[in-house]
Amino acid sequence: MNMPSGLPHPGLVAAAAHHGAAAAAAAAAAGQVAAASAAAAVVGAAGLASICDSDTDPRELEAFAERFKQRRIKLGVTQADVGSALANLKIPGVGSLSQSTICRFESLTLSHNNMIALKPILQAWLEEAEGAQREKMNKPELFNGGEKKRKRTSIAAPEKRSLEAYFAVQPRPSSEKIAAIAEKLDLKKNVVRVWFCNQRQKQKRMKFSATY
DNA sequence: ATGCATGAGCA
DNA sequence: GCTCATGCATA
């Protein structure tokens, strides 16, 4: 129905840079997590059970996400605003994020690890924003005009139901299976492959995770 | 708010 | 070729 091939646009390049930055932040966060766990283990062995791992506690994350959203709204700031404002925070290795990501953080539709990595960053932004609440909002619209727009494939309901049925019995079909499914549903093989990837990723999101 | 997609990194 | 973090486009 369209040609979703990746075109090297400035936007994508910028996105790639952000990916690297976020990855670094995630790695740093992971380090903190490991340290926290170790500390908790030591404390536990010492005798007193503590809540040092609160940063990884799904309940704490959920509570924070909720508080974050309420306070963000109280500040009269949109999800998109938060995303771009993060860059102004000047945290090493942390750039801007999209409205999508902020939305997903608030609704816990990110992986547990992703939530843990983003929490300190958003927390920093929140404190900063509330601290400087009396300043005036600057909203410089620096947008370019016109690269080709990406088109989004739309999988019809019947096909989607079939894919879900296949996924139920085999979440990780081989290339051959994917090719067969693609042909039966008259979809591009790559579309089917990506659909399965996204479906698996969806299963791992906090909201659907059975790990708690 | 969410569907389909990209790209880095790993095996 | 997958996972994972992330985003554009759109309902």
Side-chain angles (χ1 to χ4, degrees), chain A residues 1-30 33 61 65-66 68-69 72-73 78-87 91 93-122 143-164 167 170-179 181-182 185-209 211:
Chain A
M1 213 180 275
N2 60 70
M3 62 136 285
S5 298
L7 299 173
H9 295 316
L12 295 180
V13 175
H18 292 159
H19 286 162
V33 172
L61 283 172
E66 177 64 32
F68 179 85
K69 182 171 185 175
R72 186 207 100 215
I73 292 174
T78 67
Q79 296 170 333
D81 289 335
V82 174
S84 44
L86 292 179
I91 296 177
V94 177
S96 61
L97 286 176
S98 66
Q99 173 265 327
S100 304
T101 300
I102 303 304
C103 173
R104 284 168 174 153
F105 179 86
E106 292 181 348
S107 60
L108 305 173
T109 44
L110 288 175
S111 70
H112 187 200
N113 281 345
N114 203 175
M115 290 293 292
I116 292 173
L118 260 31
K119 184 189 172 192
I121 296 170
L122 295 181
F143 258 70
N144 56 59
E147 286 293 330
K148 295 91 186 179
K149 308 259 182 180
R150 181 165 89 188
K151 224 45 184 176
R152 209 177 81 185
T153 301
S154 187
I155 301 174
E159 285 67 39
K160 209 169 289 188
R161 276 184 259 107
S162 294
L163 287 171
E164 281 160 3
F167 188 83
Q170 181 50 248
R172 314 187 58 162
S174 64
S175 268
E176 291 66 44
K177 286 286 186 183
I178 291 178
I181 293 172
L185 302 182
D186 192 31
L187 293 171
K188 290 179 191 170
K189 183 179 174 182
N190 204 51
V191 168
V192 175
R193 186 182 62 73
V194 169
W195 186 87
F196 274 91
C197 283
N198 283 324
Q199 206 60 26
R200 280 179 229 122
Q201 193 163 30
K202 201 171 176 180
Q203 277 197 320
K204 295 181 178 176
R205 288 173 178 175
M206 282 195 78
K207 282 257 183 159
F208 307 110
S209 177
T211 55

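So you know, we letter chains A, B, ... as the sequences are listed, proteins then strands, and number each from 1. Being a predicted model, the structure only gives us computed values, none of them experimental.
A straight line from CZ of A:Arg152 to P of C:dA11 spans 7 Å, rounded to a whole angstrom. Rounded to whole Å, atom C1' of C:dT6 lies 15 Å from atom CD of A:Gln79. Atom CD of A:Gln201 is separated from atom C1' of B:dT2 by 13 Å (rounded to the nearest Å). Rounded to whole Å, atom C1' of C:dA11 lies 10 Å from atom NZ of A:Lys160. Protein atom CD1 of A:Ile116 is 10 Å distant from nucleotide atom P of C:dA5, rounded to whole Å. Going from atom CG of A:Leu122 over to atom P of C:dA5 covers 14 Å, rounded to whole Å. Nucleotide C:dT6 holds its C1' atom 10 Å from the CG atom of A:Leu118, rounded to whole Å. If you measure from atom NZ of A:Lys204 to atom P of C:dA5, you get 9 Å, rounded to the nearest angstrom.
The side chain of A:Asn114 has C:dT6 as its nearest neighbour among C:dT6, B:dA5, C:dT3. Taking the side chain of A:Arg172 as heavy atoms from C-beta on, and the options C:dT6, B:dC4, C:dT3, the nearest nucleotide is C:dT3. When distances run from any side-chain atom of A:Thr153 to the nucleotides B:dT2, B:dA5, C:dT6, the shortest one goes to B:dA5. Here the side chain of A:Cys197 is nearest to one of C:dT6, B:dG3, C:dC2, namely C:dC2. Comparing atom distances between the A:Cys103 side chain and each of B:dT2, C:dC4, B:dC4 picks out B:dT2 as nearest. Minimum atom distance to the side chain of A:Ser175 is reached by C:dG1, of the listed B:dA1, B:dA5, C:dG1.
Position along DNA chain C of the nearest nucleotide to A:Ser98 versus A:Phe196 favours A:Phe196 as the more 5'-ward residue. Each of A:Thr109 and A:Pro173 has a nearest nucleotide on DNA chain C; the 5'-most of these lies closest to A:Pro173.
Phosphate proximity of B:dT2 to A:Arg205: absent, as no side-chain N or O sits under 4.0 Å from OP1 or OP2. Residue A:Ser100 places no side-chain N or O under 4.0 Å from the OP1 or OP2 atom of C:dG7. Taking only side-chain nitrogens and oxygens, A:Asn198 never comes nearer than 4.0 Å to OP1 or OP2 of B:dA5. The shortest distance between the side-chain N/O atoms of A:Lys151 and the OP1/OP2 oxygens of C:dT10 is below 4.0 Å. OP1 or OP2 of B:dT2 has not a single side-chain nitrogen or oxygen of A:Gln99 nearer than 4.0 Å. The side chain of A:Ser111 contributes no N or O atom lying less than 4.0 Å from OP1 or OP2 of C:dC4. OP1 or OP2 of B:dG3 has at least one side-chain nitrogen or oxygen of A:Lys202 nearer than 4.0 Å.
The base of B:dA5 lies outside donor-acceptor range of the side chain of A:Asn190, with no N or O pair under 3.5 Å.
Residues passing the side chain to side chain donor-acceptor pair (under 3.5 Å) test with A:Ser100: none are found, sequence neighbours excluded. For A:Arg193, there are no salt bridge (charged side-chain N to carboxylate O under 4.0 Å, His left out) partners, not counting sequence neighbours.
The shortest distance between side-chain heavy atoms of A:Gln199 and A:Phe167 falls below 4.5 Å. Two residues are said to be in side-chain contact when any heavy atoms from C-beta on lie closer than 4.5 Å; A:Met206 and A:Thr109 fail this criterion.
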>> Let's go through A:Arg205 and A:His112 carefully: what are the C-alpha distance in whole Å and the side-chain angles of both, what is the deciding distance for side chain to side chain contact (heavy atoms under 4.5 Å, CB included) to 0.1 Å, and is it a yes or a no?
In response: CA-CA 7 Å; A:Arg205 288 173 178 175; A:His112 187 200; over 6 Å; no

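Within the nucleic acid shown, A:Glu106 has no heavy atom closer than 4.0 Å to any nucleic acid atom.
In this structure, the side chain of A:Thr101 does not engage the main chain of A:Leu97 through any donor-acceptor pair within 3.5 Å.
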